[in-house]
Amino acid sequence: TSIGFEQVDLKTGFGRTTMNDLIPMRRKRQALSEEACIEVLERGTSGVLALNDLELGAPYQVPLNYGYRDGRLTFHGAMTGHKIDLLKADARASFTVIDQDEIIPEQYTSYFRSVVCTGRLRQLTDPDERLEELLFTAERFWPGHEEKAREEIAPAFDHTAVLVLEIEVMTGKEASELARRRRAGEL
């Protein structure tokens with residue numbers, strides 16, 4: 001199911017209609033609910049961020065670790081580079097998380113589950129907000145070690161960009177076999 005956190009604009013991709021109106025999912029029975037999409041995001045640890053490279057005329061994609069909470073994804077990285085340059089030129093972005101991809105060779109298929117989030121990416125500038133997001137991400141990957149996380153963050157803090165993707169549209173899909181099992185209450 002496509003979940004529009006804001007409505008989508010046909011011209012810009014944001015502001016008027018839902019993503020499902022723009023690109024309807026052909027196999028609707030395989031669509032994940034909003035709850036299932038959030039479960040995938042909370043379970044996952046990495047995905048692929050896609051930004052618009054207007055000069056190249058093609059998407060620029062980069063794999064990243066992330067944190068998810070409250071309808072937003074948090075990333076961190078260098079303060080300069082291609083990703084930051086693209087963000088400044090066009091804040092529209094998408095992020096894909098693959099939750100499952102089990103190849104079933106004898107059936108010539110895979111049991112897959114994935115979520116795609118679309119929204120606007122922004123670079124945080126407030127030091128308190130940046131630190132809060134970095135500590136949240138650290139806690140997600142190594143729970144219960146805030147003091148160690150602070151020690152690790154401190155020397156690189158001034159050179160670390162913290163990016164947030166405010167999710168405007170979220171879609172998820174899973175293999176028909178998994179969808180059948182979910183409807184039967186087996187997942």
Side-chain angles (χ1 to χ4, degrees), residues 1-52 58-77 83 86-87 90-105 107-122 133 136-137 139-141 143 162-187:
T1 302
S2 294
I3 292 76
F5 289 87
E6 290 186 4
Q7 294 299 308
V8 180
D9 177 50
L10 295 172
K11 182 177 179 188
T12 64
F14 303 98
R16 240 183 274 157
T17 183
T18 66
M19 185 62 82
N20 207 29
D21 292 333
L22 293 173
I23 308 168
M25 190 174 293
R26 190 170 56 87
R27 296 187 174 178
K28 294 178 186 344
R29 293 178 64 96
Q30 291 175 245
L32 295 177
S33 67
E34 178 177 6
E35 180 181 289
C37 287
I38 290 171
E39 288 172 3
V40 167
L41 296 176
E42 289 175 339
R43 193 169 42 242
T45 58
S46 65
V48 179
L49 179 68
L51 299 164
N52 292 316
Y60 172 78
Q61 299 177 39
V62 60
L64 296 171
N65 294 112
Y66 71 95
Y68 169 80
R69 67 175 167 176
D70 303 325
R72 64 195 236 170
L73 297 161
T74 302
F75 316 99
H76 69 281
K83 178 174 57 210
L86 294 177
L87 162 62
D90 187 349
R92 295 175 298 166
S94 68
F95 189 71
T96 301
V97 174
I98 297 173
D99 183 52
Q100 180 174 336
D101 184 24
E102 178 186 356
I103 302 298
I104 312 299
Q107 295 178 14
Y108 297 98
T109 192
S110 69
Y111 289 3
F112 67 88
R113 182 180 304 109
S114 61
V115 171
V116 178
C117 301
T118 305
R120 304 237 180 224
L121 190 64
R122 63 186 174 92
E133 291 300 323
F136 163 71
T137 304
E139 175 67 19
R140 186 165 190 269
F141 289 104
V162 180
L163 308 176
V164 170
L165 178 68
E166 300 290 347
I167 300 171
E168 296 173 358
V169 178
M170 180 181 350
T171 62
K173 186 177 178 183
E174 64 188 351
S176 58
E177 295 80 3
L178 296 177
R180 269 195 292 279
R181 290 172 53 197
R182 183 178 301 279
R183 286 191 303 275
E186 299 172 18
L187 291 179

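No experiment lies behind these values; they were computed from the predicted model shown.
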Mind checking the [atom1]-[atom2] spacing from [X] to [Y]? Nearest 0.5 Å is all I need.
X	Y	atom1	atom2	value
Ser114	Ile98	OG	CD1	6.5 Å
Thr118	Arg92	OG1	CZ	11.0 Å
Leu73	Met170	CG	CE	8.0 Å
Ser46	Phe75	OG	CZ	11.0 Å
Ile104	Tyr111	CD1	OH	5.0 Å

Do [X] and [Y] make a side-chain contact, defined as non-hydrogen atoms from C-beta onward lying under 4.5 Å apart?
X	Y	answer
Leu51	Leu121	yes
Gln61	Thr96	no
Leu165	Tyr66	no
Ile167	Leu41	yes
Val40	Gln100	no
Leu178	Phe112	no
Arg140	Arg69	no
Lys83	Leu64	yes

On a heavy-atom basis, which atom in [X] and which in [Y] lie closest, and how many Å separate them?
X	Y	result
Glu177	Thr109	OE2-CG2, 4.4 Å
Ser110	Ala175	O-CB, 3.6 Å
Leu32	Cys37	CB-SG, 3.8 Å

Reference residue Tyr60; test side chain to side chain contact (heavy atoms under 4.5 Å, CB included); the match among Leu86, Leu49, Asn52:
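So the option named by the test is Leu86.
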
The single option from Arg180, Arg181, Arg113 passing salt bridge (Lys or Arg N to Asp or Glu O under 4.0 Å) against Glu174
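When Arg180, Arg181, Arg113 are each tested with Glu174, the salt bridge (Lys or Arg N to Asp or Glu O under 4.0 Å) holds only for Arg113.
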
Give the C-alpha distance, both sets of side-chain angles, the deciding distance and a yes or no for side-chain contact (heavy atoms from CB on, under 4.5 Å) between Asn65 and Thr137.
CA-CA 9 Å; Asn65 294 112; Thr137 304; 5.9 Å; no

Return yes if a side-chain donor-acceptor contact under 3.5 Å exists between Glu133 and Thr74, otherwise no.
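The answer is yes; a qualifying pair exists.
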
Backbone N/O of Glu166 and side chain of Arg122: donor-acceptor pair under 3.5 Å
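Between the backbone of Glu166 and the side chain of Arg122 there is no qualifying donor-acceptor contact (under 3.5 Å).
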
Would you say Glu35 has more than 12 foreign heavy atoms packed within less than 6.0 Å of its CD?
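Not more than 12 within 6.0 Å, no.
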
Does the side-chain contact (heavy atoms from CB on, under 4.5 Å) test come out yes or no for Val48 and Phe95, once each step is laid out?
CA-CA 5 Å; Val48 179; Phe95 189 71; 5.6 Å; no

Salt-bridge criterion met for Arg72 and Asp70 (N-O under 4.0 Å):
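No.
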
